Asker: 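Here it is, the structure, as structure tokens.
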Amino acid sequence: MVKHMKKTLICIFLMFFMILPVHAEDIELESDYYLLIDADNQQILMQQGADELIYPASMTKMMTLIIALENVDDHDEMLTLDNEVFKGLYEANASMAGFSLNEQVSIKDCLYGLFLPSGAECTRALAIKTAGSEEAFVHLMNEKALQLNMKDTHFVNTTGLHDKDHVTTLNDLLKLMQYCLNNEDFYEIFTTKEYTATSGTKHKELKMNSTLFKRLNKEDAQLILGGKTGYTNPAGLCLASLSSKDGRNLILITAHAPISTTPYHLLDAINTYRYIYENTHKINLCELDDEITEVSVQFTRPQATTILYPESTTQLTFNKSVTQDDFTVKIAVNENITAPLNPNDVLGQMSIYYDGVLLDTVNLITHDTIELSKLSVFLHEAEIFIQTYWKTGLVTGIVLISLLMIRKKMSGK
């Protein structure tokens, strides 16, 4: 890990990794590594060290939770938290949900217990239930990482306790997080602020608070929908979070904030989200119903035309000083557009630029159904035939006329 140092956050907005002008000199990040994206269009808004290997700490439990959810059906089934579950956890100073040795707890309470208070006993119990052992469960975690193309990730345990070989990157964690958020049960747990476990045989009502929300005031908590914190000495303070405001959805993952009683990872998230919402806006560069251009269609009679529309929308985030008038568009239409045409046929492309930088290239399509005219085809082919063979025909005609004239003279003798 690199030595921590305070950095001025230069917020760069990227599409296809092209730099766009956004100024954020007034905000500072304490985390050494960070990745912020627009969750709706995957636009990278801010990044530093997103491909660097990091220790994920308890952000690991996002993978643990999704593997458990995908492999356990009966959430009311009871588990016994025996010696195998607790082995080594207290010695490693692992965070706990608060259940006791040999206590029986439902799978549902363990699912919330592993995530909200980051309970290692719940994590281990679910791993053993799901795969027979923590080692076998870790194998499932690494298999899922391969499926998600998390190419720089390797898990050694289910809890995120430090191991030099237990590594990932922010880009890989983003792939994991986006996958997990599509699971309704995961999303529910991810966004829960507090939960009361009622199934425990020793704890009839065990209140669990999210390690994220319990340190946020009411105003700041409104900026964040949910998240997973992490912490070990080598990993520093870490956070994977989701934010939503005024129809905008953002994902921020940070790692290696300095260890302190001050929750720098939470402050980084709040300051970043607040800055983005207050100082930037999203601009619709093209929409599905925009009429881009009109083109003629050959092999139609009478001559037909069709209007071209964007195949997809392009909506990007910019500093509020940027407006629609600051963009330029270049349109390239296919040569010799001919019938028949069907809706969604691609007939050209539109390229969108800001200050000479290509932001996006969008296919242009027709919405029309246009039939082929056989008469138009015949006339077109006839025209081509004449254009191709007119010289030969002219010479042939001259020769024939000359022969006829010679024959007439000879007959007159």
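Model, not experiment: these values are computed from the prediction. For the single chain, residues carry numbers from 1 onward in sequence order. Computed over heavy atoms, backbone and side chain alike; hydrogens, waters and symmetry mates excluded.
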Asker: Would H281 and F318 count as a ring-ring contact (aromatic ring centres under 6.0 Å, His included) here? Give the steps.
Answerer: CA-CA 6 Å; H281 62 163; F318 298 88; 7.5 Å; no
Asker: Looking at E371, I want to see if its CD is surrounded by more than 12 non-hydrogen atoms of other residues, nucleotides or ligands under 6.0 Å.
Answerer: no
Asker: Could you check whether any side-chain N or O of R124 sits under 3.5 Å from a backbone N or O of E84, counting only pairs where one atom can act as donor and the other as acceptor?
Answerer: yes
Asker: Any chance you could measure M59, atom CE, to C238, atom SG, to the nearest 0.5 Å?
Answerer: 4.0 Å
Asker: For the backbone of D220 and the side chain of N217, can you confirm whether one donor and one acceptor N or O come within less than 3.5 Å of each other?
Answerer: yes
Asker: Examine the side chains of T305 and E294 and answer whether a donor and an acceptor come within less than 3.5 Å of each other.
Answerer: yes
Asker: Using the side chain to side chain contact (heavy atoms under 4.5 Å, CB included) rule, pick out the option among L35, L36, L174 that qualifies with I44.
Answerer: L35
Asker: Using atom types as modelled and distance alone, determine if a side-chain donor or acceptor of T130 lies under 3.5 Å from a backbone N or O of L126.
Answerer: yes
Asker: Q43 and Q315: side-chain donor and acceptor closer than 3.5 Å?
Answerer: no
Asker: Can a salt bridge be assigned to the pair D38 and K282 using a cut-off of 4.0 Å between side-chain N and carboxylate O?
Answerer: yes
Asker: Measure centre to centre between the rings of Y55 and H166, then say whether the value is under 6.0 Å.
Answerer: no
Asker: Side chains of Y187 and N182: any donor to acceptor distance under 3.5 Å?
Answerer: no
Asker: Would you call the rings of Y33 and H256 parallel, tilted or perpendicular if under 30° counts as parallel and over 60° as perpendicular?
Answerer: tilted
Asker: Please determine, by modelled atom types, if N171 and T169 share a side-chain donor-acceptor pair under 3.5 angstrom.
Answerer: no
Asker: On the ring face of F115, is K61 found with NZ or CZ under 6.0 Å from the centre and within 45° of the axis?
Answerer: no
Asker: Which residue in the set D368, L347, T300, I365 passes side chain to side chain contact (heavy atoms under 4.5 Å, CB included) when paired with L341?
Answerer: L347
Asker: Has H139 got more than 12 heavy atoms of other residues, nucleotides or ligands less than 6.0 Å from its NE2?
Answerer: no
Asker: Is a side-chain donor or acceptor of D109 paired with a backbone partner of V105 at a separation under 3.5 angstrom?
Answerer: no
Asker: A127: what forms a side-chain contact (heavy atoms from CB on, under 4.5 Å) with it, not counting sequence neighbours?
Answerer: F137, T158
Asker: Quick one: side chains of residues 146-153, donor-acceptor pairs under 3.5 Å with protein atoms, not counting sequence neighbours, listed by atom name and distance.
Answerer:
unit_1 : atom_1 : unit_2 : atom_2 : d
Q147   : OE1    : K144   : NZ     : 3.4
T153   : OG1    : T168   : OG1    : 2.6
T153   : OG1    : D172   : OD2    : 2.8

Asker: Whether the side chain of S210 engages the backbone of L212 through a donor-acceptor N/O pair (distance < 3.5 Å, no angle test) should be reported.
Answerer: yes
Asker: Could you tell me whether K245 sits above the aromatic face of Y273, with NZ or CZ closer than 6.0 angstrom to the six-membered ring centre and within 45 degrees of the axis?
Answerer: no
Asker: Please round to the nearest 0.5 Å and tell me the distance separating atom CD1 of I253 and atom CD1 of I37.
Answerer: 8.0 Å
Asker: Going by distance alone, is a donor N or O of one side chain under 3.5 Å from an acceptor N or O of the other, for S243 and Y277?
Answerer: yes
Asker: Could you check whether any side-chain heavy atom of S106 comes within less than 4.5 Å of a side-chain heavy atom of E77, counting everything from C-beta outward?
Answerer: no
Asker: If we check side chain to side chain contact (heavy atoms under 4.5 Å, CB included) with T123, which of these qualifies: L111, T159, V85?
Answerer: T159
Asker: Is it the case that the side chain of Q324 and the backbone of N284 share a donor-acceptor pair, with hydrogens and angles ignored and the cut-off at 3.5 Å?
Answerer: yes
Asker: Going by an N to O cut-off under 4.0 Å, is there a salt bridge joining K320 and E278?
Answerer: no
Asker: Would you indicate whether the side-chain heavy atoms of I251 and M177 approach each other to under 4.5 Å?
Answerer: yes
Asker: N342 side chain to T369 main-chain N or O, any donor-acceptor pair under 3.5 Å?
Answerer: no
Asker: Contact between C122 and F99 at the side-chain level, heavy atoms closer than 4.5 Å - yes or no?
Answerer: yes
Asker: Sub-3.5 Å donor-acceptor pair from the side chain of T366 to the main-chain atoms of T306, do we have one?
Answerer: no
